[in-house]
Amino acid sequence: MAVTAEQMLPEVLAAYDLGGQIVGSPRFGKGHINDTFCVYVQTEEGDCLRWILQRMSAAAFHHPDQLMANIVGVTTHLRRAAEAAGRDPARACLRVLPTRAGADYYTDSAAGAWRVYPFVEDTRCLQTAETPELFYASAVAFGQFQHMLRDYPADTLFETIEHFHDTEARLATFEEAAKADTLGRAASAAAEIAFVRARRDDCSVALAALREGRLPLRVTHNDTKLNNVLIDKATGEGICIIDLDTVMPGLAINDFGDSIRFGANHCAEDEQDLSKVNFDLPLFETYTKGFLKGAQGSLTDAELDYLPWGARLMTLECGIRFLTDYLAGDTYFHIQRPGHNLDRARTQFKLVQDMEAQWDAMNEVIRRCR
Ligand code: ADP
Ligand code: GN1
Ligand code: MG
């Protein structure tokens, strides 16, 4: 049995100087991948400090040293860009707190890899787009993130998860899991399996454009969910992009698309009542405007043309990944109930269907906004 993150906390906390006495360290947030804790500290002066402590997922990330080297490099670059733009770097980007020994992360006695960031206070982390204004704010922030990294040396970045948005590879892995059906779950997902197989060719659309040189490889975030941007409580602006584990060379349309997948609707990613799961075209337009504003003209014409495909493909791919994890025994995404990953796959496929039905309108939105 794997060691739980909670069991390791005392050892890990002792490896850091967090500026006072630790008074609590509950689990925190709604991420599906890492084990995240919020550490509350009382300083000698009696003030309260908070830190984010994370055990990086060993299932997702096989080389924490490379992952952390990427994050240190990218956050250093973002800090300089924030300073140059006159923004407060302590709120505009994550900062890696070194261990007492001066390392960027701590490896515990059970080989788990941990890191600490200052908690960015007075912010909100949204699970759904509560208002179009907040969704717009997240879009500007992700567009700006893209823009700020346009001159980052891509060849210095490690690929933290190989073939991460390689939709063809995701399809192949899905087929293996469906054929192997080691847990006998395929029968309960027959309709979803057929849904994916009917869209086999779609999985190649963006990759073909990349191979043929129509879409450029850039430094991208690759996990642009609404809950990976912190919104300033006072101003409603998206101020800090978090969850930098997957920053690596990728496609800008995927960063755009993953945000649409998660935010251009009014349902939870794991909603069980599919009648509540609807793609929202006005929110798609809202996000497009914000993303293009933030990106400040850094996207090419071809990238603009392919934005609707980014949305459709990230949604399809994410559904394929949830379905694969369901078939393979829920080893990658954290689940809170049996069938959770199948429920998640179903919402994604419903959204794909909606996007297919509104395809012309989506393309028209891009024509209007570009
Ligand atoms: P995961 O990869 O599991 O999604 P994240 O890095 O996104 O992990 O962190 C999980 C959650 O923790 C975020 O959605 C957010 O709520 C919170 N969080 C992470 N880093 C910070 C931070 N520096 N300040 C405030 N909240 C944070
Ligand atoms: C994971 O880490 P988190 O919860 O922000 C996943 C994304 C998926 C997303 C689906 C490293 O994101 O790729 O789109 O779940 N991150 C990783 O909600 O696999
Ligand atoms: Mg996250």
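Residues take their numbers from the sequence shown, with the count starting at 1. The analysis underlying the following values was restricted to heavy atoms, covering all of them including side chains, and did not include hydrogens, waters or symmetry mates.
Proximity of the aromatic rings of Phe256 and Phe284 is defined here by a centroid distance below 6.0 angstrom, and this criterion is met. The six-membered or imidazole ring of Tyr287 lies away from that of Tyr136, with a centre-to-centre distance of 6.0 Å or more. Checked against the 6.0 Å centroid threshold, Phe142 and Phe291 do not count as a close aromatic pair.
The side-chain contact (heavy atoms from CB on, under 4.5 Å) test with Lys225 singles out one residue from His32, Gln127, Lys30, and that residue is His32. The residue from Tyr117, Phe37, Tyr105 that alone fulfils the side-chain contact (heavy atoms from CB on, under 4.5 Å) condition with Gln54 is Tyr117.
Judged as a side chain to side chain contact (heavy atoms under 4.5 Å, CB included), and not counting sequence neighbours, the contacts of Val277 are Cys267, Glu271, Leu274, Thr347, Lys350, Leu351.
Residue pairs meeting the side chain to side chain donor-acceptor pair (under 3.5 Å) criterion with at least one partner in residues 210-222, sequence neighbours excluded, are Glu168-Arg211, Glu212-Arg214, Arg214-Tyr306, Arg218-Glu303, Thr220-Asn222.
Among all heavy-atom pairs drawn from Thr246 and Ile161, the shortest one is CG2-CD1, 4.3 Å. The nearest pair of heavy atoms linking Thr123 to Arg91 is CG2-NH2, 4.1 Å. What you find for Ser57 and Ile33 is that their closest heavy atoms are CB-O, 3.2 Å.
A distance-only check finds a donor-acceptor pair linking the side chain of Arg185 to the backbone of Tyr326 [under 3.5 Å]. Counting only distance, with no hydrogens or angles, the side chain of Asp255 and the backbone of Leu251 share no donor-acceptor pair below 3.5 Å. No donor-acceptor distance shorter than 3.5 angstrom exists from the side chain of His340 to the backbone of Ile335, with no hydrogens or angles considered. Side-chain atoms of Ser204 never come within 3.5 Å of backbone atoms of Ala208 as a donor-acceptor pair (strictly under, hydrogens ignored). Side chain of Arg100 to main chain of Ala14: a donor-acceptor pair is present (N/O by atom type, distance under 3.5 Å, no hydrogens or angles). Trp51 places a side-chain N or O within 3.5 Å of a backbone atom of Leu18 that can act as its donor or acceptor partner. When atom types are taken as modelled, the side chain of Ser259 and the backbone of Thr224 share a donor-acceptor pair closer than 3.5 angstrom.
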- Message: Using side-chain contact (heavy atoms from CB on, under 4.5 Å), reason through Leu244 and Val247 one step at a time and then give a plain yes or no.
- Response: CA-CA 5 Å; Leu244 304 176; Val247 175; 3.9 Å; yes

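The residues Arg367 and Glu364 are annotated as salt-bridged, a charged nitrogen and a carboxylate oxygen being separated by less than 4.0 angstrom. Looking at Arg124 and Asp232, no side-chain N of the basic residue comes within less than 4.0 Å of a carboxylate O on the acidic one, giving no salt bridge. The existence of a salt bridge linking Arg27 and Asp35 is confirmed by a sub-4.0 Å separation between a basic side-chain nitrogen and an acidic carboxylate oxygen. Of the charged side-chain nitrogens involved, none lies within less than 4.0 Å of a carboxylate oxygen, so that Asp354 and Arg312 do not count as a salt-bridged pair. Contact check on Lys289 versus Glu285 returns a salt bridge, with a Lys/Arg side-chain nitrogen under 4.0 Å from an Asp/Glu carboxylate oxygen. With respect to the salt-bridge test (charged N to carboxylate O, under 4.0 angstrom), the residues Glu175 and Arg170 do not qualify. Salt bridge Arg344/Asp325: absent, no basic N to carboxylate O contact under 4.0 Å.
Atom CZ of Arg80 sits in a sparse spot, with 12 or fewer heavy atoms from other residues, nucleotides or ligands closer than 6.0 Å.
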